[in-house]
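Quick one: this structure, given as structure tokens, is what I'll be asking you about.
Bear in mind that the values here come from a model prediction, so they are computed numbers and not experimental data. Every number for a ligand or one of its atoms is a count from 1 in the order of the listing. Sequential numbering from 1 along the given sequence is applied to the chain's residues.
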Amino acid sequence: MIKGKMLYEGKAKQVFATDDPTLLIQRFKDDATAFDGTKKSTIAGKGVVNNRIASHMFDLLEKRGVPTHFVEQLDDREMLIRALEMVKVEVIMRNVAAGSICRRYGTEEGLVFDEPILELYFKSDPHHDPLMNTEHIIQFQLCTAETLAEMSGMARKINTIMREFFHSIGINLVDFKLEFGLAGDRVLLGDEISPDTCRFWDLKTGEKLDKDRFRFDLGKVDEAYQEMLARVTSA
Ligand code: TMP
């Protein structure tokens, strides 16, 4: 596999072409941003941790019948992925109230929902990723109703699988963000699953082991990422 030119650089990752147009290389950086990129820093070793955790999670999901863009982990910071036409929608699943749902609705942090809540956001930095409903998505032609239904079904299945997995390593899976894309007419899970994109609370102590440590200056940021890597890879 020959690594080609960089096609895209986001806040936490870069994407490179390969000599096969259906395959790309996704490289994880140590850069961390929060609050729409207004808070910026680096977290030592984050790219390595996120690549390893995401590779582990994609592998687990594939084994459980969820199609993803993951092909294989290439090295510490890179994975080989299938090229997708990304849907500009972020799907967030919430099992427990935290973050923006508390700010938006005054919901008490830690409230456990009887059923997981699925939220849809417009992936658009200039518009600050606003919350949307299914009608906005269809009318703005971000994807078809069929694709959106498929994404929602996959997100709920992924939540069931991930909740059980993280519970088995002593973690309460509070919420997480997913992004999907199309490879031809197939809907695949894309992007990443990592402490950047999930909230992980220790089941016994409630300690936060995710990017909230960076967002809210809670300290021991890289230690939390390393702890998550150790638990995920011990499973
Ligand atoms: P929120 O409570 O800030 O809406 O975040 C919900 C979940 O989504 C949380 O696990 C963090 C993740 N997330 C991202 O991965 N990217 C983002 O840009 C945002 C805002 C949240």
Side-chain angles (χ1 to χ4, degrees), residues 8-13 26 28-41 43 46-47 49-51 53-54 57-58 61 68-69 86-113 116-133 142 151-152 154-156 158-163 165-167 171-181 189-203 206-218 221 224-225 227-228 232:
Y8 166 83
E9 176 151 26
K11 286 176 282 202
K13 297 189 290 294
Q26 173 160 270
F28 290 76
K29 305 192 287 184
D30 286 349
D31 297 348
T33 67
F35 312 119
D36 256 345
T38 53
K39 183 180 168 90
K40 279 193 198 130
S41 189
I43 299 171
K46 175 171 85 77
V49 169
N50 285 6
N51 185 37
I53 291 179
M57 296 312 300
F58 285 135
L61 290 170
T68 79
H69 69 162
M86 295 307 290
V87 177
K88 291 197 180 326
V89 172
E90 297 189 350
V91 182
I92 291 190
M93 295 297 312
R94 299 184 188 273
N95 299 307
V96 179
S100 70
I101 199 169
C102 299
R103 292 196 295 277
R104 184 174 297 116
Y105 304 109
T107 318
E108 192 189 335
E109 185 180 82
L111 177 75
V112 180
F113 302 122
I117 295 178
L118 183 151
E119 292 177 344
L120 302 163
Y121 290 82
F122 182 27
K123 188 173 167 63
S124 172
D125 279 339
H127 301 96
H128 314 292
D129 296 355
L131 188 64
M132 302 185 121
N133 68 27
L142 300 183
M151 285 164 49
S152 301
M154 285 168 73
R156 291 189 191 280
I158 291 164
N159 186 40
T160 303
I161 296 168
M162 289 204 349
R163 245 181 137 170
F165 171 76
F166 283 106
H167 195 273
I171 295 291
N172 184 3
L173 178 63
V174 171
D175 58 31
F176 57 94
K177 187 256 311 186
L178 301 173
E179 294 182 30
F180 295 87
L189 175 66
D191 194 53
E192 68 179 282
I193 296 173
S194 73
D196 274 12
T197 64
C198 305
R199 284 196 174 90
F200 297 128
W201 293 356
D202 184 86
L203 264 178
E207 190 187 6
K208 294 177 174 163
L209 295 170
D210 57 60
K211 196 173 156 189
D212 272 352
R213 299 206 74 83
F214 165 73
R215 292 191 187 97
F216 302 108
D217 298 316
L218 302 179
V221 182
Y225 278 74
E227 171 69 20
M228 282 308 305
V232 165

For this session: Check the angle between the aromatic planes of F166 and F200 and answer parallel, tilted or perpendicular using the 30° and 60° thresholds.
Result: tilted
Exercise. Mind checking whether K177 and D191 have side chains closer than 4.5 Å, heavy atoms only?
Worked result: yes
Problem set entry | Minimum non-hydrogen distance to atom 1 (P) of ligand 1, winning option of G37, G99, S100, A12 | S100
Problem set entry | Any N/O pair R199/ligand 1 closer than 3.5 Å | yes
Exercise. Any idea which atoms of ligand 1 are less than 4.0 Å away from a heavy-atom of D196?
Worked result: 15 (O)
For this session: Could you list which atoms of ligand 1 come closer than 4.0 Å to a heavy atom of A98?
Result: 2 (O)
Exercise. Does ligand 1 have a heavy atom under 4.0 Å from the side chain of D210, from its backbone, from both, or from neither?
Worked result: neither
Exercise. Between atom CG of D129 and atom CZ of F122, what is the distance when rounded to the nearest 0.5 Å?
Worked result: 9.0 Å
Exercise. Quick check: does any side chain N or O of D30 sit under 3.5 Å from a backbone N or O of G47, one acting as donor and the other as acceptor?
Worked result: yes
Exercise. Hey, does the side chain of K29 reach the backbone of G10 with a donor-acceptor pair shorter than 3.5 angstrom?
Worked result: yes
Seminar exercise, completed: Among non-hydrogen protein atoms, atom 17 (C) of ligand 1 lies closest to E90 OE1, 4.3 Å
Exercise. Between I92 and ligand 1, which part of the residue brings a heavy atom under 4.0 Å of the ligand: side chain, backbone, both or neither?
Worked result: side chain
Exercise. What protein heavy atom is closest to atom 15 (O) of ligand 1, reported as residue, atom name and distance in Å?
Worked result: K177 CE, 3.0 Å
For this session: Look at ligand 1 and say whether C102 reaches it with a heavy atom at a distance under 4.0 Å.
Result: no
For this session: Would you confirm whether N95, through its side chain, and L173, through its main-chain N or O, come within 3.5 Å as a donor-acceptor pair?
Result: yes
For this session: Evaluate the 4.0 Å heavy atom contact test for atom 19 (C) of ligand 1: does a protein atom fall under the cut-off?
Result: no
Problem set entry | Min heavy-atom dist K11 to ligand 1 below 4.0 Å | no
For this session: Determine whether any heavy atom of R94 lies closer than 4.0 Å to an atom of ligand 1.
Result: yes
Exercise. Taking side chain as C-beta onward, heavy atoms only, is V221 less than 4.5 Å from K46?
Worked result: no
Exercise. Side chains of Y225 and N50: donor-acceptor distance under 3.5 Å anywhere?
Worked result: no
Problem set entry | atom 9 (C) of ligand 1 [closest protein heavy-atom partner, distance rounded to 0.1 Å] | D175 OD1, 3.1 Å
Exercise. With a 4.5 Å limit on heavy-atom distance, are the side chains of F165 and I171 in contact?
Worked result: no
For this session: Mind checking whether R215 contacts ligand 1 via backbone (N, CA, C, O), side chain (CB onward), both or neither, at a 4.0 Å heavy-atom cut-off?
Result: side chain
